[in-house]
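The next block holds one structure in the form of structure tokens; read it before the comments.
Computed from a prediction, not measured in an experiment: that's the story for all the values here.
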Amino acid sequence: MNRHHWWRDAVIYQVYVRSFLDSTGDGIGDLAGVRAGLPYLKKLGVDGIWLSPFYPSPQHDHGYDVADYRDVDPVFGDLAEFDLLVTAARRLGIKVLLDIVPNHCSNEHPWFREALAAAPGSPERARFHFADGRGPDGTEPPNNWHAMFGGPAWTRVTEPDGRPGQWYLHMFTPEQPDWNWRDPEVAAEFERTLRFWLDRGVDGFRIDVAAGLFKHPELPDSPDPEADARTRDSVNPLAWNQPEVHDVWRHWRAVCEEYTARDGRERLLVGEVSVPTAREHARYVRPDELHQAFFFDLLGAQWDADAFRKVISEAMEDIAGTGSTVTWVLNNHDQVRTVTRYGEPADGSGIGAARARAAALLMLALPGAAYIYQGEELGLPEVVDLPDDVLTDPIFRRTGSRARIRDGCRVPLPWSGQASPFGFTSGAESAKPWLPQPEYFAEYATHRALADTRSSWHLYRDGLQLRAALHQLGEGTLRWLDTQPGVLAFTRGDDLVCAVNFGTAPVPAPVAGTPLLASGPCPPGVLPGSTAAWWIDGS
Ligand code: NOJ
């Protein structure tokens, strides 16, 4: 019998630390807050947590600008608190994944400061991408690349003697200089970081921008800079997805396996991989590379049966033969929440909420692993009316206030009570969460959700329990059943049937009898609109 690899069908809960639970009363969530929330997550039934970056950082991109990879920012706690969290999670059987950011660091990282203080051509500068500008006096950037968050990918520095000098590359914001992975010191430093956290007991890493790291060695102009500027996808073929990156993942996999060989605990590497084709995506999860890579096409699909069927089928084909499993995602800290994305109208009639619940039940029935973003289990909608002056997402600033994308899904969680801070912060009544919570968050508070068996929380909890009871639901494949247009149905294993009605009118259910679990009221023999259900065939 094959050994079961825990990660293949794991359900991981993404903790966006600054918005989960605040133990100190400063309005910002922290590691002690995460530890206090572990019993809640245990009750929900997740296999593990992924912690968004909590390392020392000036927070220009909420921790994705790391100034020290091997410590905790005082805002979030300290290493002793981190150790307590890992111990508490281990005791509850919850795996802990960290978010590692290898493509870029913070402009406050000591090595970048050293590079600024050093001369052009120095070993200190070689750890990053420094280059002379073009045009008279080097006033033009070294090439035509665009940064993902708006503007050029280059910033000019002032040399130590006060004169305008070289430029450095940053594929995100100017506060996030890109590492030069062709410098062996960079690779060695990241290996030290991996081992530092593995020695502290973590179960693996979510890898930020895992198709980044290497750039074309000559840094030539992009063939289509307009296309690069139009999208936040990594389309510039010279800046992303270079073949050398696969050697890094092979090496990291070997490091993880070294730890597994010591203590039998399997460590997981899950990559944030944005590449143009399914075939390219599959290359990242070859048996000696990353264990898994997020499959974002489900997240990108419109609420439409054909669109969902297409992305699910493609994902299954993509993964076949790699030895990995599909890693499904509907929400994360960079995207508008499903309830709102699926069309919750301003009158709050609930259609977006019903669709989001149905999508969740569909995702939990699919083969593979699933990631849940905090608040998704509460059915939280996106906060769409945050005033401009509270927005912190660098994309907003760098697109001339055009793109209001990522703050609305990062509003601190409601836990209890009728008014902000809804138990999010244990400090004084006057303590203000770092982003304002709307009054209607009261309806979604965890205390209320736990007490109401019709809440989204109960749907997720029941789905997770059944998934576990149905044994390795994450393994194997699915078989599509014939249905009428606008409905998807498939079987898993011998007898589980999952069906989703993407339309608004009821349709006959594909299986007689009462469903095992449904995302909304579901009488026997009928599948109402915007509803998903699971049945055991023959019941
Ligand atoms: C992807 C992360 O999910 C996002 O939040 C971050 O801004 C970028 N990578 C840059 O690190």
Heavy atoms from other residues, nucleotides or ligands near CZ of R262 exceed 12 (cutoff 6.0 Å): yes
Would you say the ring centroid of W145 lies under 6.0 angstrom from that of H129? no
So F54 and W197, ring-ring contact (aromatic ring centres under 6.0 Å, His included) or not? Walk me through it. CA-CA 13 Å; F54 52 73; W197 294 111; 5.7 Å; yes
Between W303 and Y342, what is the ring plane arrangement, given parallel below 30°, perpendicular above 60°, and tilted in between? tilted
Going by an N to O cut-off under 4.0 Å, is there a salt bridge joining E266 and K95? no
Looking only at atom types and distance, does a side-chain atom of S57 sit under 3.5 Å from a main-chain N or O of D65, one as donor and one as acceptor? yes
d(R206 CZ, L269 CG) to nearest 0.5 Å is 13.0 Å
In terms of heavy-atom contacts, does CD of Q302 have more than 12 from other residues, nucleotides or ligands at under 6.0 Å? no
Report the relative orientation of the aromatic rings in F112 and Y168; use parallel for angles under 30°, tilted for 30 to 60°, perpendicular for over 60°. perpendicular
Parallel, tilted or perpendicular: which one describes the rings of W179 and F128, with boundaries at 30° and 60°? parallel
Would you find more than 12 non-hydrogen atoms of other residues, nucleotides or ligands less than 6.0 Å from D263 atom CG? yes
If you count the non-hydrogen atoms of other residues, nucleotides and ligands that lie under 6.0 Å from CZ in R192, is the total more than 12? yes
F214 and W181 aromatic ring geometry - parallel, tilted or perpendicular at 30°/60° bounds: tilted
Check the orientation of Y373 and H333. Use parallel for under 30°, tilted for 30 to 60°, and perpendicular for over 60°. tilted
Charged tip of R125 within 45° of F130 ring normal and under 6.0 Å: yes
For the residue pair F294 and Y371, categorise the inter-ring angle as parallel (less than 30°), tilted (30 to 60°) or perpendicular (more than 60°). perpendicular
N241 and Y284 side chains, donor-acceptor separation under 3.5 Å: yes
